[in-house]
**Q** 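Before I ask anything, let me first share the structure, which is written out below as structure tokens.
From a predicted model like this one, the values you see are computed outputs, not experimental measurements.
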Amino acid sequence: MKFPGQRKSKHYFPVKTRDPLLEQLTQQPQPFATYISGIDQTLVDIEAKVEDELLSRYGLPKGNSTLINDEQAHTLYTELKQNGLISDEFAGGTIGNTVHNYSILADDRSVLFGVMSQNIEVGSYAYRYLCNTSSKVDLNYLQPVDGPIGRCFTLISDCGERTFAISKGAMDKLTPEYIDKDIVQGSSALVLTAYLMRASGGDRITDAAMCAIEYAKAAEVPVVLTLGTRFLIEEDPIWWQNFIQEHVTILAMNEDEGEALTGFRDPLLASEKALEWCDMVLTTAGPIGLYTAGYTDDAEKRETSHTLLPGAIPEFNRYEFSRPKLKSDCENPIKVYAHISPYMGGPEKIGNTNGAGDGALSALLHDLAANTFHKTNVPGSSKHKRDGLCYSSFSQICKYANRVAYEVLAQHSPRLSRGLPEREDSLEESYWER
């Protein structure tokens, strides 16, 4: 596994080279591999620039997310294709993006649960999905189904507003029988999206997600939830608060979703409120940057050397050099917050905002899995005398998540095509060192 962020580890001897004579006498243990698992609605993102008239004609509320049937999807796709309006087609899905990005960053395995068309034709939606997913993502546990996977049309108006039209296809047909208990319980984290909880009409993906959650909780595997869209959360925020409190370890959201969930527009206050229901929060806030929030034990807190920041909570980043812990593992838990402004002020030209949050979450998951990897393979390390949820501090996770989100914003695809560069030619080393 690659370790997260830009780390300078100097070794004064070849760490993988053993004495050739001693090697014959001693059997070296094989490193324990880690991975994360996730459940997603497998779909393809189709992006097009359209006029408002088209949105009205198809009954799509501007800026909202609307479900359409297969016939409407076929008609809409045909019209967009004939008029040359489609700019890009990508493999999509919040969790699909996240596990793909995780595998690119960690150069390691992840497992995706979902559905896939049983008969795949070259050029079909399912074919595009498979072609644009990292080979490190284990797709062997997908459930075969008849019919197409999902399609998500991202329709961009002249003003830049994004309207989503989603054709479910068979993407919600996943059943609990295709959730492998051993895989879930052997993973470093189980990653889910709020979209999984709105299955209807006999679809069983919600049952499958709840089955996986119960497996994860039984083995004390962290459950990670990303909220997906404010429109889903604001329908019943109390239900979501109770769901998070009962099942979720780490929550990922943007400022709009945070407001819908907590009632607080300020992303810092929304993060603080969410800590009443979970152990750690990642909040992306567009041009403001991103926040991490969580718990550490009062006896283990580490004060920052960075400038103390003003905000709704004065000097909120005072202990950002602390490592995140489960609240239940703390004798005297204290809340810890960290913030970082957009990397390099953000890209000169934003190629895509769809997937930046998924990129940030994949960085956090990489750090979490690295902690599991290091703890298992180097059990005597002083780092693990006290249990931590992640490998790095709140501050370092902020920097890493921020850097990955920048990489997604600067390209057009919501998925990384390569890992971060070994050296940052565009920025002084102090970004990682400070």
Side-chain angles (χ1 to χ4, degrees), residues 1-10 34 36 101-102 104-108 188-189 222 224 249-250 252 268 271 279-285 289-297 300-309 315-326 334-344 356-357 359-375 378 381-408 416 419-424 427-434:
M1 163 178 277
K2 287 185 178 178
F3 269 73
Q6 296 275 56
R7 301 184 181 277
K8 293 184 176 179
S9 299
K10 292 185 178 179
T34 56
I36 64 167
N101 290 339
Y102 166 86
I104 293 292
L105 294 170
D107 192 26
D108 215 340
S188 296
V224 183
T249 312
I250 299 175
L268 178 58
S271 300
D279 294 284
M280 188 175 181
V281 182
L282 171 68
T283 304
T284 53
L290 59 82
Y291 295 82
T292 53
Y295 291 96
T296 199
D297 199 298
E300 299 170 33
K301 65 181 185 287
R302 293 180 60 209
E303 197 156 337
T304 184
S305 61
H306 298 171
T307 303
L308 295 178
L309 299 175
E315 301 181 346
F316 63 88
N317 65 319
R318 180 177 293 277
Y319 299 114
E320 65 182 355
F321 281 9
S322 308
R323 281 175 70 201
K325 289 175 70 79
L326 294 172
I334 62 169
K335 293 179 180 177
V336 180
Y337 312 93
H339 167 266
I340 195 163
S341 299
Y343 175 75
M344 294 179 64
L361 177 57
S362 66
L364 190 159
L365 290 168
H366 182 196
D367 197 273
L368 184 151
N371 188 57
T372 307
F373 180 92
H374 193 265
K375 185 177 180 179
V378 195
S381 171
S382 60
K383 194 173 188 73
H384 305 297
K385 286 181 180 178
R386 299 182 175 93
D387 284 336
L389 182 59
C390 296
Y391 184 81
S392 306
S393 67
F394 286 93
S395 174
Q396 189 73 16
I397 292 169
C398 261
K399 284 190 282 187
Y400 187 35
N402 195 40
R403 181 65 185 85
V404 176
Y406 173 94
E407 202 70 16
V408 175
L416 295 172
L420 299 185
E422 293 296 325
R423 292 187 60 83
E424 299 286 4
L427 189 71
E428 70 278 5
E429 290 288 325
S430 61
Y431 178 81
W432 296 103
E433 289 177 344
R434 65 184 174 88

**Q** Return yes when atom CZ of R302 has more than 12 non-hydrogen atoms of other residues, nucleotides or ligands closer than 6.0 Å, and no otherwise.
**A** no
**Q** Within this structure, what is the CG-CD1 distance for the pair L416 and I104, rounded to the nearest 0.5 Å?
**A** 7.0 Å
**Q** At their closest point, which heavy atom of Y400 faces which heavy atom of H366, and how far apart are they?
**A** OH-ND1, 2.7 Å
**Q** Judged by atom type as modelled, is there a donor-acceptor pair below 3.5 Å linking the side chain of N371 to the main-chain atoms of G388?
**A** yes
**Q** Under 4.5 Å between any side-chain heavy atoms of S362 and V404, yes or no?
**A** yes
**Q** Do Y337 and L268 have side chains that approach each other closer than 4.5 Å (heavy atoms only, starting at C-beta)?
**A** yes
**Q** Is the backbone of Y295 close enough, under 3.5 Å, to the side chain of D279 for a donor and an acceptor to pair up by distance?
**A** no
**Q** Minimum heavy-atom separation for L282 and T292, please, with both atom names.
**A** CD1-CG2, 3.9 Å
**Q** Distance from K301 atom NZ to I334 atom CD1, nearest 0.5 Å?
**A** 5.5 Å
**Q** Just by distance, do the side chain of D367 and the backbone of C390 share a donor-acceptor pair under 3.5 Å?
**A** no
**Q** Any chance you could measure F394, atom CZ, to I340, atom CD1, to the nearest 0.5 Å?
**A** 15.0 Å
**Q** Without swapping roles, check the side chain of S322 against the backbone of Y319 for a donor-acceptor pair under 3.5 Å.
**A** yes
**Q** Test your reading of the model: is there a side-chain donor-acceptor pair from T296 to the backbone of R323, 3.5 Å cut-off?
**A** yes
**Q** Dump the intermediate steps for side chain to side chain contact (heavy atoms under 4.5 Å, CB included) on D387 and L326, then the final yes or no.
**A** CA-CA 9 Å; D387 284 336; L326 294 172; over 6 Å; no
**Q** Would you check, one step at a time, whether the test side chain to side chain contact (heavy atoms under 4.5 Å, CB included) holds for K399 with S392?
**A** CA-CA 11 Å; K399 284 190 282 187; S392 306; over 6 Å; no
**Q** Start with the C-alpha distance between I250 and L368, add both sets of side-chain angles, then the distance that settles side chain to side chain contact (heavy atoms under 4.5 Å, CB included), and finish with yes or no.
**A** CA-CA 11 Å; I250 299 175; L368 184 151; 3.5 Å; yes
**Q** How long is the straight-line distance from CG of N402 back to OG of S341, given to the nearest 0.5 Å?
**A** 8.0 Å
**Q** Do L290 and T283 touch side chain to side chain, with heavy atoms closer than 4.5 Å?
**A** no
**Q** Would you sort out whether E407 and Y343 count as a side chain to side chain contact (heavy atoms under 4.5 Å, CB included), showing the intermediate values?
**A** CA-CA 9 Å; E407 202 70 16; Y343 175 75; over 6 Å; no
**Q** Does T249 have any side chain to side chain donor-acceptor pair (under 3.5 Å) partners at least two apart in sequence or in another chain, and if so, which?
**A** none
**Q** Do you know which two heavy atoms are closest between V224 and A189, and how far apart they sit?
**A** CG2-CB, 4.2 Å
**Q** Can you see which heavy atom on A405 is nearest to which on A360, and at what distance?
**A** CB-CB, 4.4 Å
**Q** Taking side chain as C-beta onward, heavy atoms only, is L105 less than 4.5 Å from K2?
**A** no
**Q** Quick one: are Y391 and K375 in side-chain contact, heavy atoms under 4.5 Å?
**A** no
**Q** Roughly how far, to the nearest 0.5 Å, is the CG atom of D107 from the OH atom of Y102?
**A** 10.5 Å
**Q** Mind checking the CD1-CG spacing from I397 to L364? Nearest 0.5 Å is all I need.
**A** 5.0 Å
**Q** Provide the closest heavy-atom pair for I36 versus A369 in the form atom of the first, atom of the second, distance.
**A** CG2-CB, 4.4 Å
**Q** Check S271 against A293 and note the closest heavy-atom contact, atom names and distance.
**A** CB-CB, 4.0 Å
**Q** In terms of relative ring orientation, are H339 and Y291 parallel, tilted or perpendicular, with 30° and 60° separating the classes?
**A** tilted
